[in-house]
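Step one of this worksheet: look at the structure below.
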Number of protein chains: 2
Amino acid sequence: MASRPYHHGALEIALTDAAIEVVRSSGIGALTLRDLARTVQVSPSAVYRHFPSRDHLVSRVSQLARQALARDLLTRRDAVTTRGRPARRTVERFEEIGRTYVQFAIDNPHMFEAAFVRCDIRPVNPDHPDAWGVLVDAIDQMIDAGAVPETRRQDGPIISWAGVHGLAQIVTASTWPDGVSADAHIDAVISGITRSLR
Amino acid sequence: MASRPYHHGALEIALTDAAIEVVRSSGIGALTLRDLARTVQVSPSAVYRHFPSRDHLVSRVSQLARQALARDLLTRRDAVTTRGRPARRTVERFEEIGRTYVQFAIDNPHMFEAAFVRCDIRPVNPDHPDAWGVLVDAIDQMIDAGAVPETRRQDGPIISWAGVHGLAQIVTASTWPDGVSADAHIDAVISGITRSLR
DNA sequence: GCGGGAATGTGAACACCGTCAACATTCGTG
DNA sequence: CACGAATGTTGACGGTGTTCACATTCCCGC
């Protein structure tokens, strides 16, 4: 008959792919085991051979979302090729990371929400790449280039992270009026963060 | 028989009270209409006489959480009675507001989550008091007292809000290691925000 | 090659959930 | 007092996560 074989073959991958698609377009709240099983043409309980519970699946999607964000940060950071004094380039890379962080949230609000959803299940493998690490590196570069005082090596990351993460949350929030450009606010916050590192 | 009367009498208040209690202790995800109806000793569908849907109830709890936060900000702000130059007091009040914002999230993580939960239902009445307004006022006071340049009247609020809100999110997140004191990070971010308003 | 355990998928069931429609009771006002 | 409005109940529907017993297939050691 050669209909669908009894064993799917790559069910775990198919499930995570489908899950990401659902989350990207409809949000983490719309993620349903049964719906997922339907789209992958598999019985609901088959999911449990690969994920112990729905929360584990959510946790996996969340990690993938964080990694997608971190990859975005790296790509856009490396695209900054400023000529002139190296110190200036470190600052511009740092600011590009911040802008990209917020822009990711604006462009993919559901994925951003999923990336930091409250979840009790911790990922088995650490994130790679890791957004926090990208930020720490950028600040280290600025300090090494003399663009930012040594003092900031310790508190610089948390200050910057809080700023961009908070702005991303605010701009993504449902209370934010649609159609209002966020660009001015982004520039204001990024400038403010850079100023706070002086 | 004078058991419970057929009409509850103050069901809406009882429901919101019970809902807040559930959210405070177990989070917004644990909020269930049926469970709520059980604790108030009422049939599940009775809830629909007061809330058109679960989302409307969630929206109500969310608003109450935001108002509780705002009240906390006002109380702690007014408790700051610094002697000496008025300009100094405006800054200390501003920083106390920021610290209180983050501390609220640490002390009531579930209520803080609920306060900014993504929700399609907009509250009928505006928040009162309103945390954003408290922050704007504090910055206006600093500017009027000459502690902060006039330029910050426009971008000061978003810069400050992003910082404290982001820090609150980070400290509240599940990835934050338990038992690690957040005080140093709070001080660092608050100082950074004040510095960025220069 | 083949036999058997491990891995993977199925089907039916359970308890719970949000929501609704039809009905019952009480309140409040003319 | 009567009667409509407000409020609460009962029972049902479809959906959900999860589990358990069972079916099928894969793969490794003989």
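In the text below, chain A, chain B and the rest are named by the order of the sequence lines, each starting its count at 1.
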Exercise. A/Arg49 CZ to D/dT25 C1': how many Å, rounded?
Worked result: 13 Å
Exercise. Could you give the NE2-to-C1' distance, from B/His56 to C/dT19, as a whole number of Å?
Worked result: 14 Å
For this session: Write down the distance between CG (B/Leu36) and C1' (C/dG18), rounded to a whole number of angstrom.
Result: 13 Å
Exercise. When the distance from CG of A/Leu33 to C1' of D/dT18 is rounded to whole Å, what number comes out?
Worked result: 9 Å
Problem set entry | Parallel, tilted or perpendicular: ring planes of A/His165 versus A/Tyr101, cut at 30 and 60 degrees | perpendicular
Exercise. Closest to the A/Ser45 side chain: D/dT18, D/dT19, C/dT19?
Worked result: D/dT19
Exercise. Is the closest side-chain donor-acceptor distance between A/Arg66 and A/Ser62 under 3.5 Å?
Worked result: yes
Exercise. Is the side chain of A/Ser53 donor-acceptor paired with the backbone N or O of A/Asp55 at a distance under 3.5 Å, no angle test?
Worked result: yes
For this session: Classify the side chain of B/Arg34 versus the base of C/dG18 as yes if they form a donor-acceptor pair under 3.5 Å and no if they do not.
Result: yes
Problem set entry | Candidate list B/Ile143, B/Val91, B/Val148, test side chain to side chain contact (heavy atoms under 4.5 Å, CB included), partner B/Leu197, passing option | B/Val148
Exercise. Taking OP1 and OP2 of D/dT16, is either one under 4.0 Å from a side-chain nitrogen or oxygen of A/Arg38?
Worked result: yes
Exercise. Looking at B/His50, does any N or O in its side chain come under 4.0 Å of the phosphate oxygens OP1/OP2 on D/dG8?
Worked result: yes
For this session: For C/dG18, take OP1 and OP2 only and decide whether either is under 4.0 Å from a side-chain N or O of B/Arg54.
Result: yes
Exercise. What is the nucleic acid contact for B/Ser43, judged by heavy atoms within less than 4.0 Å: base, sugar-phosphate only, or nothing?
Worked result: base
Exercise. If you check the A/Ala46 side chain, which of C/dT19, C/dG9, C/dG18 turns out closest?
Worked result: C/dG9
Problem set entry | Per B/Leu11 side chain, nearest of listed nucleotides D/dG8, C/dG9, D/dT18 | D/dG8
For this session: Would you mind reading off the distance between B/Glu12 atom CD and D/dG8 atom P, rounded to a whole angstrom?
Result: 10 Å
Exercise. How many Å lie between CG on B/Leu15 and P on D/dG8, as a whole number?
Worked result: 9 Å
For this session: Could you check which of D/dT18, D/dG8, C/dT10 has an atom nearest any side-chain atom of A/Pro44?
Result: D/dT18
Exercise. Please give, in whole Å, the distance from D/dT16 C1' to A/Phe51 CZ?
Worked result: 18 Å
Exercise. Taking atom CG of A/Asp78 as the centre, does the number of heavy atoms from other residues, nucleotides or ligands within less than 6.0 Å exceed 12?
Worked result: yes
Problem set entry | Nearest-nucleotide pick for A/Tyr48, side chain only, options being D/dG8, D/dT18, C/dG18 | D/dT18
